[in-house]
Amino acid sequence: MNRVIVNFILMKNQPQMATVTIIQEELAQHADPAKAEFLPRYFKAIPGGYGEGDRFIGVKVPIQQRVAQKYYREISMEALETLLTHPVHEYRMTALFMLVNKFEKAQTSEDKKNLVDFYLRHLSFVNNWDLVDSSAPKILGAYLFDKEKDVLYEFARSGELWKQRVAIISTMYFIKKGHYSDTLQIAGILLNHPHDLIHKAVGWMLREVGRKDFETEYDFLKEHYRQMPRTMLRYAIEKFESDTRDRFLKGLI
């Protein structure tokens with residue numbers, strides 16, 4: 001039977017599960033076996049890696065974004081959950097792109113809260129750095145900007161790698177709005193974290209603070225740089241003038 005006819009029958013009988021099937025098929029049309037073989041190493045989805053067990057089909061991010069833009073209006077939260085809890089990485093990422101789109105287009109505070117609650121309920125599936133970075137600032141950061149931010153501090157102290165990355169990366173939204181105090185406080189909590197994914201994330205956010213307000217970043221670094229992991233410091237000072245950067249690296253500040 002023709003696939004179009006099959007899809008039509010599915011959509012008639014089970015419209016939301018059909019939407020999931022159509023999205024998966026559309027992504028599969030752009031799957032690259034060579035990329036699918038490479039990505040598990042890139043995202044450490046190997047035995048003992050932080051992404052162990054993750055599966056990939058090799059679809060480029062711009063294609064995932066395009067598919068998300070095409071379907072986010074019609075997909076139900078139940079169908080979105082099916083994609084977000086799937087073992088294939090690109091399905092989860094596409095689901096997060098759709099969730100971001102839904103959040104940004106939500107018209108009421110209640111709708112936004114429901115989407116944030118959905119995100120938090122499924123946070124265990126936001127379990128690699130690209131999934132966190134593509135969703136946390138645009139959903140949780142945007143929602144919490146004018147609200148109490150206790151959940152970010154709870155996550156920062158949780159001892160759970162992805163929650164801790166969510167905590168610091170969510171503050172990117174605050175930085176863009178000229179609010180730096182939460183970034184600096186959470187960076188302080190994570191200053192001695194053992195994992196390089198947190199070192200990179202904290203250094204990156206400090207660098208973003210410096211792009212908006214050099215003195216604020218400089219003052220924070222001057223107080224804390226000697227106890228920072230080297231990777232965190234290098235990320236934080238990447239955009240500094242070479243002389244200032246060298247003085248930090250040599251411990252001369």
Side-chain angles (χ1 to χ4, degrees), residues 7 10-30 54-57 59-152 154-155 162-163 165-177 179 182 201:
N7 285 340
L10 284 169
M11 291 180 73
K12 184 176 180 181
N13 295 324
Q14 291 181 298
Q16 289 308 322
M17 289 306 101
T19 301
V20 170
T21 300
I22 291 169
I23 290 170
Q24 290 173 336
E25 289 183 350
E26 194 159 328
L27 291 171
Q29 291 172 12
H30 300 279
D54 215 349
R55 290 164 46 190
F56 296 84
I57 59 175
V59 181
K60 294 179 179 178
V61 168
I63 293 170
Q64 297 174 54
Q65 292 172 322
R66 189 162 68 240
V67 171
Q69 182 67 31
K70 182 176 179 180
Y71 292 105
Y72 82 90
R73 293 179 183 85
E74 67 184 73
I75 194 168
S76 71
M77 299 308 294
E78 292 78 14
L80 195 63
E81 182 177 46
T82 299
L83 287 173
L84 186 53
T85 58
H86 200 282
V88 170
H89 188 98
E90 290 92 340
Y91 295 168
R92 300 202 306 284
M93 177 67 97
T94 302
L96 288 168
F97 284 141
M98 287 191 282
L99 190 63
V100 168
N101 289 338
K102 282 181 176 290
F103 181 85
E104 291 178 344
K105 298 298 183 181
Q107 297 297 308
T108 69
S109 298
E110 182 181 2
D111 287 342
K112 287 182 180 291
K113 183 180 185 305
N114 289 337
L115 291 166
V116 169
D117 288 345
F118 177 90
Y119 181 69
L120 292 174
R121 285 199 306 274
H122 296 86
L123 205 59
S124 61
F125 298 96
V126 186
N127 56 354
N128 215 310
W129 58 264
D130 61 325
L131 302 175
V132 171
D133 298 358
S134 297
S135 60
K138 295 178 179 179
I139 298 174
L140 194 55
Y143 182 72
L144 293 176
F145 177 65
D146 58 355
K147 299 176 180 64
E148 293 297 323
K149 300 170 179 63
D150 294 353
V151 66
L152 298 185
E154 176 187 331
F155 285 176
W162 302 122
K163 284 185 176 181
R165 189 163 176 114
V166 165
I168 188 65
I169 297 294
S170 290
T171 71
M172 185 187 298
Y173 187 90
F174 311 157
I175 295 167
K176 290 180 178 180
K177 297 292 186 179
H179 176 92
D182 292 297

4.5 Å side-chain heavy-atom contact, F118 and L80: yes
Can you name the closest pair of heavy atoms from P87 and D54 and give their distance? O-OD1, 3.2 Å
Spatial distance of atom CZ (R92) from atom CG (N127) [nearest 0.5 Å]: 4.5 Å
Y143 and its side chain to side chain contact (heavy atoms under 4.5 Å, CB included) partner, picked from Y173, Y119, F103: F103
Strictly below 4.0 Å, N to O, side chains only: are K113 and D117 in salt-bridge contact? yes
A167 backbone acceptor or donor facing T171 side chain under 3.5 Å: no
Shortest non-hydrogen contact from L99 toward M77: CD1-CE, 4.0 Å
Measure from the side-chain N and O atoms of K138 to the backbone N and O of A136, and report whether any donor-acceptor pair falls under 3.5 Å. no
Mind checking the CG-NZ spacing from N101 to K70? Nearest 0.5 Å is all I need. 14.5 Å
Could you give the distance from CD (E78) to CG (L83), rounded to the nearest 0.5 Å? 12.5 Å
On a heavy-atom basis, which atom in V126 and which in W162 lie closest, and how many Å separate them? O-CB, 3.8 Å
Just so I know, are the side chains of R165 and D133 near enough to count as touching, which here means a heavy-atom distance under 4.5 Å? yes
Calculate, to the nearest 0.5 Å, the distance between atoms NZ and CG belonging to K177 and D146 respectively. 10.0 Å
Would you name the heavy atoms of I168 and A201 that are closest together and state the gap between them? CG2-CB, 3.8 Å
Report yes if some heavy atom in the side chain of M98 is under 4.5 Å from a heavy atom in the side chain of I23; otherwise report no. yes
Is the ring pair Y91/H86 parallel, tilted or perpendicular, if the boundaries are 30 and 60 degrees? perpendicular
Report yes if the side chains of L115 and I139 come closer than 4.5 Å at any heavy-atom pair, otherwise no. no
Rounded to the nearest 0.5 Å, what's the gap from NZ on K60 to CD on E90? Could you check? 13.0 Å
Do L120 and L140 touch side chain to side chain, with heavy atoms closer than 4.5 Å? yes
Taking Q64 for the side chain and V59 for the main chain, is one N or O donor matched with an acceptor at less than 3.5 Å? yes
Do K102 and D111 meet the salt-bridge criterion of a basic N to acidic O distance under 4.0 Å? no
In sequence, state the C-alpha distance, the side-chain angles, and the governing distance for H30 and R66, and then conclude on side chain to side chain contact (heavy atoms under 4.5 Å, CB included). CA-CA 12 Å; H30 300 279; R66 189 162 68 240; 4.3 Å; yes
Is there side-chain contact between S134 and L96, with at least one heavy-atom pair below 4.5 Å? no
Measuring only between side-chain heavy atoms, which start at C-beta, is E154 closer than 4.5 Å to D150? no
Search all heavy atoms of F125 against all heavy atoms of L84 and return the closest pair with its distance. CB-O, 3.2 Å
Is the count of non-hydrogen atoms from other residues, nucleotides or ligands lying under 6.0 Å from K105 atom NZ greater than 12? no
Please report the C-alpha distance between V61 and F97 in whole Å, then the side-chain angles of each, then the deciding distance to 0.1 Å, and finally whether the side chain to side chain contact (heavy atoms under 4.5 Å, CB included) criterion is met. CA-CA 10 Å; V61 168; F97 284 141; 3.8 Å; yes
Can you check whether M172's main-chain N or O pairs, donor with acceptor, with K176's side chain at less than 3.5 Å? no
Which heavy atom in L144 sits nearest to a heavy atom in K149, and how many Å separate them? O-NZ, 3.2 Å
Please examine the side chains of L152 and F174, heavy atoms only from C-beta on, and report whether any two atoms are closer than 4.5 Å. yes
Could you give the distance from CG (L27) to CD1 (I57), rounded to the nearest 0.5 Å? 5.5 Å
Carefully, step by step, assess E81 and H122 under the rule side chain to side chain contact (heavy atoms under 4.5 Å, CB included). CA-CA 8 Å; E81 182 177 46; H122 296 86; 2.7 Å; yes
